[in-house]
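The chains referred to below are lettered A, B, ... by the order of the sequence lines, with proteins before strands, and numbering in each begins at 1.
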Protein chains: 2
Amino acid sequence: MAEIHGRPYAMTGRGPVLTPCAPHDVLARLGDKWTILVMSLLSLAPGNQLRFSDLRRGIRGISQRMLTLTLRNLERDGLLTRHYFPEVPPRVEYALTEMGRSMLPALEGFTAWIRSNWPSIEAARAAYDSRGEPGADGT
Amino acid sequence: MAEIHGRPYAMTGRGPVLTPCAPHDVLARLGDKWTILVMSLLSLAPGNQLRFSDLRRGIRGISQRMLTLTLRNLERDGLLTRHYFPEVPPRVEYALTEMGRSMLPALEGFTAWIRSNWPSIEAARAAYDSRGEPGADGT
DNA sequence: CGTCAATGGTTACTAATGGATACCTACGAT
DNA sequence: ATCGTAGGTATCCATTAGTAACCATTGACG
C-alpha cells in the first residue's frame, strides 16, 4: 500500500485520506515560538551544551517560565538531557542527545529552503494583502 | 559575522543571542494542525492539484472552516494558487505553485528523519512520563 | 545582624490564539 | 423541497503564551 509520511493511506473512490500523524506532532513542537531557537543555540555551543542562564541570555525575550517549559518538552522527547549539579548556587547543564544532534542536518536542510525562499514568501504575502480580499465569488 | 538560520548573531561575553526569525515563522505554519496534511495531499495528487471537496474528503476530521483558513494562509504565502470557476455548482481548484513544489524535497528530508526517529521519541516520552517527572505542561 | 544578588526554578493569573459547532448565502439540477 | 458546491459568520470552549510574583540556598557586603 502507498504511504504518506510513513503511514499507509487507504484509497477511496477519490483519493488518499490523511489523518494527523507523527510529522505533525514533531513540526508542531518545532513550530512553537521558542523550540527552534533553543535547538539552534545548543547546536552552536561547544559540546552542544549550555547552562540554563546561558540559554536565557542567548534567546532574546524568552521568559524563565517559557524556557523551562521548552526545555522540559525537549527533554521529554529525548532531544536533550538535563544535568543538575547541587552546588551553590545550583547549576544545570542542558546538552543535545545523539538523537538531538542527528536532527540538525535535516533541520538545516529545511531552514536552507526557507532562507532561499523567504523573500518570495514575503513578496507573496505583500501582494496578497495588497490585493484585498480573495473573494469567493471573484468580486 | 557568524550566522544562524541566515541571520547574523552578535557575540556577547557568553555566546550568541538569537531572536525569532523566518524559520520559526514557516515552521509555525507547517506546525499548525492541518497545513502539512494539505501540502501532503496536494503532493500526491496528479498535477499537484485538487478541488476543495477532494481536500475536505481527503483529510479526516478537518472542518470546512479550518480547510478554508488553511488554504487561505498557504495561498497568501505563495505556496498554492486558487482558481475559481464560476460554474454551477461552483468549482475551485487548488494547485501547488513552483515554490510549493520546491518545498517538498526539504519537507520530505525532514519527515524522513522523523520517521526513523519516531519510535525513539515515543520511547523517550513514555520513559519520561513513567519516571513521574514534572509535567511539561506545568501541571 | 540584615539585606542583597545569583542560581533555577514554581505558582497563580490573564491575554491571545486555535479549533469546533452551528447556521447562513446563492444557484441549478433532480 | 432538497441536495451539492464553496464558502462566510457567529459563538463558544480549550489550549497556549506570557507576566508577575514567589521560593530556597548561600556568600558577599555593610
Considering only D:dT19, D:dG8, C:dA20, which nucleotide approaches the side chain of A:S63 most closely?
D:dT19

Whole angstrom value for the distance that separates P of D:dA17 from CG of A:L71:
14 Å

Whole-Å distance separating the CZ atom of B:F52 from the C1' atom of D:dG7:
6 Å

Of all the nucleotides listed (D:dG18, D:dG7, D:dT5), which has the minimum atom distance to the side chain of A:W34?
D:dG18

Remember a base hit wins even if backbone is also touched, and classify A:Y94 as base, sugar-phosphate or nothing at under 4.0 Å, heavy atoms.
sugar-phosphate

Using a cut-off of 4.0 Å on non-hydrogen atoms, how would the nucleic acid contact of A:R51 be classed: base, sugar-phosphate, or nothing?
sugar-phosphate

Assert: residue with more 5' nearest nucleotide on DNA chain D, out of A:D32 and B:T68, is B:T68

Under 4.0 Å from OP1 or OP2 of D:dA21: is there any side-chain N or O of A:R65 that close?
no

Report the residue (A:Q64 or A:V88) whose heavy-atom-nearest nucleotide on DNA chain D is the more 5′ of the two.
A:Q64

Can you tell me the distance, in whole Å, between the CE atom of A:M66 and the P atom of C:dA16?
15 Å

Can a side-chain donor-acceptor contact be found between A:D32 and A:T35 if the only test is distance below 3.5 angstrom?
yes

State, with a plain yes or no, whether a side-chain heavy atom of A:R29 is found less than 4.5 Å away from one of A:D77.
yes

Measure the distance from CG on A:L69 to C1' on C:dT11 and round it to the nearest whole Å.
12 Å

Separation of atom CD1 in B:I62 from atom P in C:dG18, rounded to whole Å:
14 Å

Can you figure out which of C:dG8, C:dG9, D:dA6 approaches the side chain of A:P90 most closely?
C:dG8

Take atom NE2 of B:H24 and atom P of D:dT16, then tell me their distance rounded to the nearest Å.
14 Å

Pair B:L67-B:Q64, side chain to side chain contact (heavy atoms under 4.5 Å, CB included): steps then yes or no
CA-CA 5 Å; B:L67 180 53; B:Q64 229 171 25; 6.0 Å; no

Relative to each other, are the rings of A:F52 and A:Y94 parallel, tilted or perpendicular (30° and 60° limits)?
tilted

May I ask you to verify if any side-chain N or O of A:R72 is less than 4.0 angstrom from the OP1 or OP2 atom of C:dT10?
yes

Expressed as a whole number of angstroms, how long is the span from B:R57:CZ to D:dA6:P?
8 Å

Would you say D:dA6 has OP1 or OP2 under 4.0 Å from some side-chain N or O of B:S53?
yes

Should A:R56 be listed as having a side-chain N or O under 4.0 Å from OP1 or OP2 of C:dT7?
no

Roughly, in whole Å, what's the span from CD in A:E87 to P in D:dA24?
21 Å

Between B:R56 and B:I62 (side chain of the first, backbone of the second, donor and acceptor by atom type, cut-off under 3.5 Å), is there such a pair?
yes

